[in-house]
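Worksheet: one structure, shown below.
A, B, ... follow the sequence lines: proteins, then strands. Residue 1 opens every chain.
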Amino acid sequence: MRRTHHCGVLRLEHVGSRVCLCGWVHSRRDHGGVIFLDLRDRTGLAQVVCDPGKGGPEAHAAADQVRAEYVLRVEGRVVERAPGMANPKIPTGDIEVIAECVEVLNRSEHPPFEIDGEQINPEARLRYRYIDLRRPAMQRNLQIRHDAAQAARKYLCEQGFLEVETPLLLKATPEGARDFVVPCRAIPGTFYVLPQSPQLMKQTLMASGCDRYFQLAKCLRDEDLRADRQYEHTQIDLEMSFVEQDELQETIEGLMRAVFASAGIDLAPSFPKLSYEEAMRRYGSDKPDTRFGVELTDLSDVLADVDFRVFKEALAAGGQVKGICVPAKGQLSRKNIDDLTSFARDFGAKGLAWIVVEEDGLRSSILKFIPEDVQQAMNERMGGQPGDVLLFVADQPKVVAEVLGRLRVKLGHELGLIPDGLHHMLWVTDFPLFEPDAESPTGIQPMHHPFSMPRPDCLQYLDTEPLKVYAQLYDLVYNGAEFGSGSIRIHDPDLQMQVLNLIGIGHSEAYKRFGFLLEVFSHGAPPHGGIGLGFDRIVSVLCGQEASEADIREVIAFPKTSTGRDLMLGCPSPLPQEQLDQLSLLSVAPVAAASSASAQVDWEVVSRTWSLQARSFQGDHRFAERDVAMLCDLVNRFKSRVNALAADSSTDWMTVTAELQRMDEEVTRAADPLCRQLLRSFGPDAD
RNA sequence: GGAGCCGUAGUUCAGCCAGGUUCAGAACGCUGGCCUGUCAAGCCAGAGGUCGCGGGUUCGAAUCCCGUCGGCUCCGCCA
C-alpha cells in the first residue's frame, strides 16, 4: 500500500479511513499488552496504537522489535480517541491510528542525541547533521527558508525580473575578501576563483539587455567565520536597468514585505531613510537599531572651556565629547561600569567617563573638574533622570561613534531597553564614496566598492576633494543588523576609470583587473543599480532570532564549524597524489621539509607540517580513531622533542637532522594506514 | 594573527577553586524482566567512562602546571 497521508495532517475528519503512514519512530511506550508509537515525519507526529486485540498480533509483534528512529510503514485505521484520552499537546491529538501492519523499512542505531533534547552539543549536531535536521525546530527553519525563497521568487517574477544563473568559476579580481581558489587542470598553473558575489556578472547582464535580473546566489569568501558568517552564504541578488534610487528602494521594500509576509510578519508600508551622517551622529553606527532611544548627545560646545584634562585634550586635538543617557534604573553597579570601561577600551577609547544621576544630585569622580553650571547644562541636554547613568567618550569622532554606538546597543540588550516584536526596517543613505585609508597609495579607498555612482551634485569635487563626494549608495538595516547594501552603479567607462584611479588603481592595472567591465560600459551599458541581500540573515530573523545575535547555522542545512570544517563530511581533507599531479599542484610533504633542512633546520616548518598532516585526519570518521590518535600522539611527542632540540644550543645540526629524519620516517609510517584508507575512500579508480 | 570560555558514561551535567574513602557520581537515555491507555508511561534489575590527548609537578592528578587537538564566542579580517 502506497503512503496515503503525512503524519501531522490527520484530524477528526479522517476518522474511519484506512491510512498508510511512513516515518520515524519518535518515541515508543510499551505497556506489554499494547505498544504506543509516535510516528514522525516532516509534518508532525501521529500516535500509532499496536494492540493485538484491535489491530492484530502481527503489528504488535513487529512493534515489539522497533526502537527509536526506526523507519516504518504503518497501515491501519484512524479512530477517534476515547473521551479523556486525547492529547492536546499535539495537533493530531484527537485521533490515533490502530496499526494493522507495521513494516520496518530500516533500522537505526541508537541516536547520538535525543531528537527532542533541549540542549544538544553543537559539535554532535554538526557531526550528525542528518539527525539534527530531523528535529522539528530544524524542519521548521528549513520550511521558513523555503517559504521565504519562494516568496522572493514570486514577487520578483511579478515585477518582471529574470532569474539568471551566473558562473561559479570566475576570474580573480583582488578586491575585498580573500578568494576561494580552484585550480585549472587544463592549463597548468592557472586558477579560477569562486564568486564573492555576482557583482560584475549582474552589471554585465544589464548591458546585455536583461532589464531586471535576480538570483538566489551563493557567495563565497575565504575569511574567518562567525556566528553570522559562513564561508558560503546566499544572497538575494538583484539588479535593475533604467532606475533611480527611489524606484529601486520601493521595489526592494515590496520584496521585503513579501518575504516577511511569508512568515506572517507585517512590515511598514514604507521604510524610513536616514543619512549616513545622521545615523553616525545620533546612533554612532551605520546600522542603527532604532527600536530604542539612548541617542548620542554632543557636549563638545558645553564643555569647550572646562579644565578637565581628558575632555580638554580630546577637543584640542579636533575631537569631540559625546555621551549617552542610560536609563539604568539604578541597576548599573560600580563594577558594571568598570566592565563597560574595559569594553570601551577594547574598541579604542582611552577611557569612559560616567556620571550617576541620583535623587539628590549628580555623583561622579569627574564632577570636581566641572563647574556646577556646566554640570547642570550637561544633565539638562542629556535629559538625565534619577537612576540614569550618563556615559561619556572624548576622542576623535570615529572612535566616539564606534564606542558609544557599541555601548548603546550592548546596554540596550542587557538592560532590556528594546521592546519585543518590533520590526524596524530602514535605509541608511548618502554614504561617502571614499574613506581615508593609510595603506592605499592615494590615501583613500572606496567605502563599499568602486562601482557606486557618485551623487550628481558631488561630481565637481571628485578630483579636488574626493572625501566630500557622496555615493548613490544605500544599506538596508533591520533592527540594528545590515541586511544588504546596494547602489546605483557607474555605467560610464570614463567615470569608472576616474574612480579606479582615485583609489590608486592606474590605467593599465584597471584594464588588467576590470578591463572587461570597462569594455562592457563602452558598448552601451544602460544606467542601472541593484542590491545584494543577506538571505541567511533574513531567514534567521524570520525564524525568530534576534537580528544582532543571528546564528545563521540554524538556517543553513549543512554549515561549517567556526574553523571552517564540515564535521559530517570530514573536510577539508588532503587529496591523493594523483589528483594533485593532474592539477599540477605541489603538496608540502614532511619529507621534503626535512630533507631541505640539512644546513639550516627549520624547526617550525617540520613540526607544522606534521601537525597539518595529523590534523587533516582528525574528526574524519572514515579513519580508524585508533590510528588517528596514534598519529596525533606521535606528532605531539615529536613536537615537544623538536622544541627541546631547538632550545638546546649545544646540539649540532648533524645530530638534529638525523633525529628529524628518524622522527619524520616514523610519522610517515604512522600516517601510512590512513593514507591508504584515504585512497580507498576515493573509490577503485583512485589507485 | 590575538583574547576568553568549554571538553568527565550514549546525552545533559556535578565533582576541579582547596590533589588522597562520597572519586569515578546523578539524571535522562540504553539493555533485560513485569505491565492493555500511555503520550516526560510506570515498577524491578542491569550494563555502560583512556575524566579529549600528550608531557610535567607530586609518594599520589579528573583536580595543579605546560603543550596539543576539538568546539563555541569575540577582536582583527569580512564591501
Side-chain angles (χ1 to χ4, degrees), chain A residues 26-38 45-54 60 67-68 81-90 92-93 96 109-128 175-178 196-197 199 219-231 233 286 343 346-348 406 431 435 445-452 471 473 475 482 484-487 532 549 551 553 560-563 565 567 607 610-611 614-615 617-619 625-626 628-641 643-644:
Chain A
H26 190 70
S27 75
R28 171 179 178 273
R29 295 175 294 280
D30 185 351
H31 286 241
V34 61
I35 297 172
F36 297 97
L37 300 175
D38 287 342
L45 294 176
Q47 172 161 283
V48 173
V49 183
C50 303
D51 185 332
K54 293 180 187 166
H60 181 267
R67 293 295 179 268
R81 295 208 197 178
M85 300 300 172
N87 182 0
K89 291 180 195 165
I90 56 174
T92 60
E96 60 193 3
E109 309 261 342
H110 305 308
F113 48 82
E114 290 165 56
I115 302 295
D116 51 3
E118 281 175 16
Q119 280 184 311
I120 309 173
N121 183 346
E123 205 172 336
R125 291 181 58 195
L126 293 176
R127 168 71 180 80
Y128 301 97
E175 283 290 310
R178 204 175 292 125
Q196 296 178 25
S197 82
Q199 180 67 31
C219 304
L220 299 103
R221 292 170 192 175
D222 186 5
E223 298 290 348
D224 289 354
L225 294 77
R226 285 288 201 299
D228 64 343
R229 249 166 42 197
Q230 285 271 307
Y231 278 150
H233 73 284
D286 62 357
F343 178 83
D346 288 345
F347 291 98
R406 286 195 187 251
F431 281 83
E435 62 184 356
Q445 64 164 2
M447 199 148 182
H448 281 73
H449 60 56
F451 311 115
S452 300
L473 204 155
D475 279 6
E482 185 192 314
S485 182
S487 63
E549 294 161 2
D551 184 351
R553 283 167 299 205
K560 307 272 188 285
T561 69
S562 64
T563 49
R565 286 157 45 97
L567 298 180
S607 62
W610 289 340
S611 288
R615 207 177 307 164
F617 295 112
Q618 269 186 337
E625 273 182 47
R626 197 171 32 100
V628 178
M630 254 175 58
L631 178 64
C632 293
D633 287 358
L634 205 62
V635 166
N636 283 338
R637 227 176 16 249
F638 285 178
K639 283 179 77 173
S640 301
R641 177 68 186 144
N643 287 336

Tell me, for [range] in 5' to 3' order, what letter each nucleotide earns: B for a base near a protein heavy atom under 4.0 Å, S for only sugar-phosphate near one, - for neither?
range: nucleotides 26-33 of chain B; answer: --BSSSS-
range: nucleotides 71-79 of chain B; answer: SBSSBBBBB
range: nucleotides 37-48 of chain B; answer: BBBSB-------

Query - Spacing of the C1' atoms in B/A45 and B/U8 (rounded, Å) - result: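 Their C1' atoms lie roughly 26 Å apart.
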
**Report entry** Whole-Å P distance, B/G49 and B/G55
**Finding:**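 Going atom to atom, P in each nucleotide, I get 22 Å.
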
Nucleotide paired to [N] in any strand shown, Watson-Crick or G-U, under 3.5 Å:
N: B/C39; value: none
N: B/G10; value: B/C28
N: B/A3; value: B/U73
N: B/G19; value: none

Query raised in the report: Is a side-chain N or O of A/Arg28 found less than 3.5 angstrom from the main chain of A/Arg67, in a donor-acceptor match?
Result: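 Here the side-chain-to-backbone pair does not exist.
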
Query raised in the report: Just by distance, do the side chain of A/Thr92 and the backbone of A/Leu45 share a donor-acceptor pair under 3.5 Å?
Result: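 Yes, A/Thr92 side chain to A/Leu45 backbone: donor-acceptor pair under 3.5 Å.
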
Query raised in the report: Are A/Arg229 and A/Asp224 within salt-bridge range, i.e. N to O under 4.0 Å?
Result: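 Salt bridge absent between A/Arg229 and A/Asp224.
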
